[in-house]
Amino acid sequence: MDRALSLSRPAALATLRFEENLGQAPSEARFLARNRDHVLVLTVEGPRLIAAGGKAGKSVSVLDLRFAGASAPLSVKAEDRLPGHVNYLIGASPDHWHTGIPTYGRVRYRGVYPGIDVVFRGNGRALEYDFEIAPGASVADVRVS
């Protein structure tokens, strides 16, 4: 990874939001979502959940979710633009700052399987995802590892 991913605890948010990666995270991340104890990184290979655990978040667990049989790279697109932006003011030099980062309410993996999308969204501060299955698509195609 070319950039470190911070597990710092953000201020409490009313709802989970997804940030577009504009250089504030490793380059493979397309979108990020953060809550008090987790960072969800959405890449073209699939989602990665990074969880801080133990006292004061000293240990880290990583869970990669893969859509078995899906063709890579996956199409990852944001939906439901939210008001406001996120700013990362790291260090004294504005050259290292990332400002005006848009946020979204949902991120869609389009066409993971024929006629099947996977949509990540927040439900309050909780993360949820749905398989959206078009008429005629086969739920038997869905395989997650």
Side-chain angles (χ1 to χ4, degrees), residues 1-53 56-57 59-91 94-145:
M1 292 186 179
D2 59 352
R3 296 192 58 82
L5 185 60
S6 170
L7 283 175
S8 62
R9 298 174 188 270
L13 301 172
T15 187
L16 191 69
R17 62 186 179 194
F18 296 87
E19 309 168 12
E20 184 176 358
N21 183 14
L22 297 179
Q24 76 273 22
S27 60
E28 64 267 17
R30 296 297 186 259
F31 297 93
L32 310 165
R34 301 173 189 269
N35 70 14
R36 186 162 177 81
D37 299 311
H38 303 86
V39 176
L40 177 69
V41 180
L42 300 173
T43 75
V44 296
E45 294 181 357
R48 168 176 281 174
L49 184 64
I50 304 169
S59 65
V60 174
S61 299
V62 176
L63 174 67
D64 287 320
L65 181 67
R66 297 295 179 249
F67 305 111
S71 59
L74 297 169
S75 171
V76 189
K77 304 291 181 195
E79 300 177 345
D80 300 333
R81 177 78 184 264
L82 297 175
H85 295 87
V86 174
N87 298 304
Y88 289 84
L89 307 176
I90 300 169
D95 293 340
H96 299 288
W97 297 356
H98 301 282
T99 61
I101 298 169
T103 60
Y104 301 88
R106 302 163 28 124
V107 174
R108 177 180 302 270
Y109 281 94
R110 185 171 307 283
V112 173
Y113 302 105
I116 300 175
D117 293 352
V118 182
V119 180
F120 284 82
R121 60 187 170 79
N123 182 359
R125 292 183 201 137
L127 172 68
E128 294 184 352
Y129 66 94
D130 300 304
F131 288 89
E132 291 187 358
I133 302 172
S138 174
V139 72
D141 288 343
V142 175
R143 293 178 286 137
V144 178
S145 63

Rounded to the nearest 0.5 Å, what's the gap from [atom1] on [X] to [atom2] on [Y]? Could you check?
X: Ser138; Y: Tyr113; atom1: OG; atom2: OH; result: 11.5 Å
X: Glu79; Y: Asp117; atom1: CD; atom2: CG; result: 8.0 Å
X: Glu28; Y: Leu42; atom1: CD; atom2: CG; result: 12.0 Å
X: Asp95; Y: Ile90; atom1: CG; atom2: CD1; result: 13.0 Å
X: Asp80; Y: Arg17; atom1: CG; atom2: CZ; result: 15.0 Å
X: Arg48; Y: Leu63; atom1: CZ; atom2: CG; result: 9.5 Å

Main-chain N/O of [Y] paired to [X] side chain as donor or acceptor, under 3.5 Å:
X: Arg143; Y: Ala140; value: no
X: Asn21; Y: Pro26; value: yes
X: Gln24; Y: Leu22; value: yes

- [ ] Would you sort out whether Val76 and Thr43 count as a side-chain contact (heavy atoms from CB on, under 4.5 Å), showing the intermediate values?
- [x] CA-CA 7 Å; Val76 189; Thr43 75; over 6 Å; no
Using a 4.5 Å cut-off on heavy atoms from C-beta on, say whether the side chain of [Y] contacts that of [X].
X: Arg106; Y: Val119; result: yes
X: Leu49; Y: Val62; result: no
X: Arg81; Y: Pro102; result: yes
X: Leu65; Y: Tyr129; result: yes
X: Phe131; Y: Phe67; result: yes
X: Pro114; Y: Asp141; result: yes

For residues [X] and [Y], report the shortest heavy-atom separation together with the two atoms involved.
X: Trp97; Y: Gly91; value: NE1-O, 2.9 Å
X: Val60; Y: Ile50; value: CG1-CG2, 3.6 Å
X: Gly115; Y: Ala137; value: O-CB, 3.7 Å
X: Leu16; Y: Ala126; value: CD2-O, 4.0 Å
X: His38; Y: Ala51; value: CD2-CB, 3.4 Å
X: Gly100; Y: Asn87; value: N-OD1, 2.8 Å

Open item on the list: Looking at Asp130 and Arg121, is there a salt bridge between them, counting it only when a charged N and a carboxylate O are closer than 4.0 Å?
Closed with: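 Salt bridge present between Arg121 and Asp130.
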TODO: Determine whether more than 12 heavy atoms belonging to other residues, nucleotides or ligands lie under 6.0 Å from atom CD of Glu20.
DONE: yes
- [ ] Would you please indicate if the ring centroids of Phe18 and Phe120 are separated by under 6.0 Å?
- [x] no
Task: Glu19-Tyr88 side chain donor-acceptor pair, cut-off 3.5 Å - done: yes
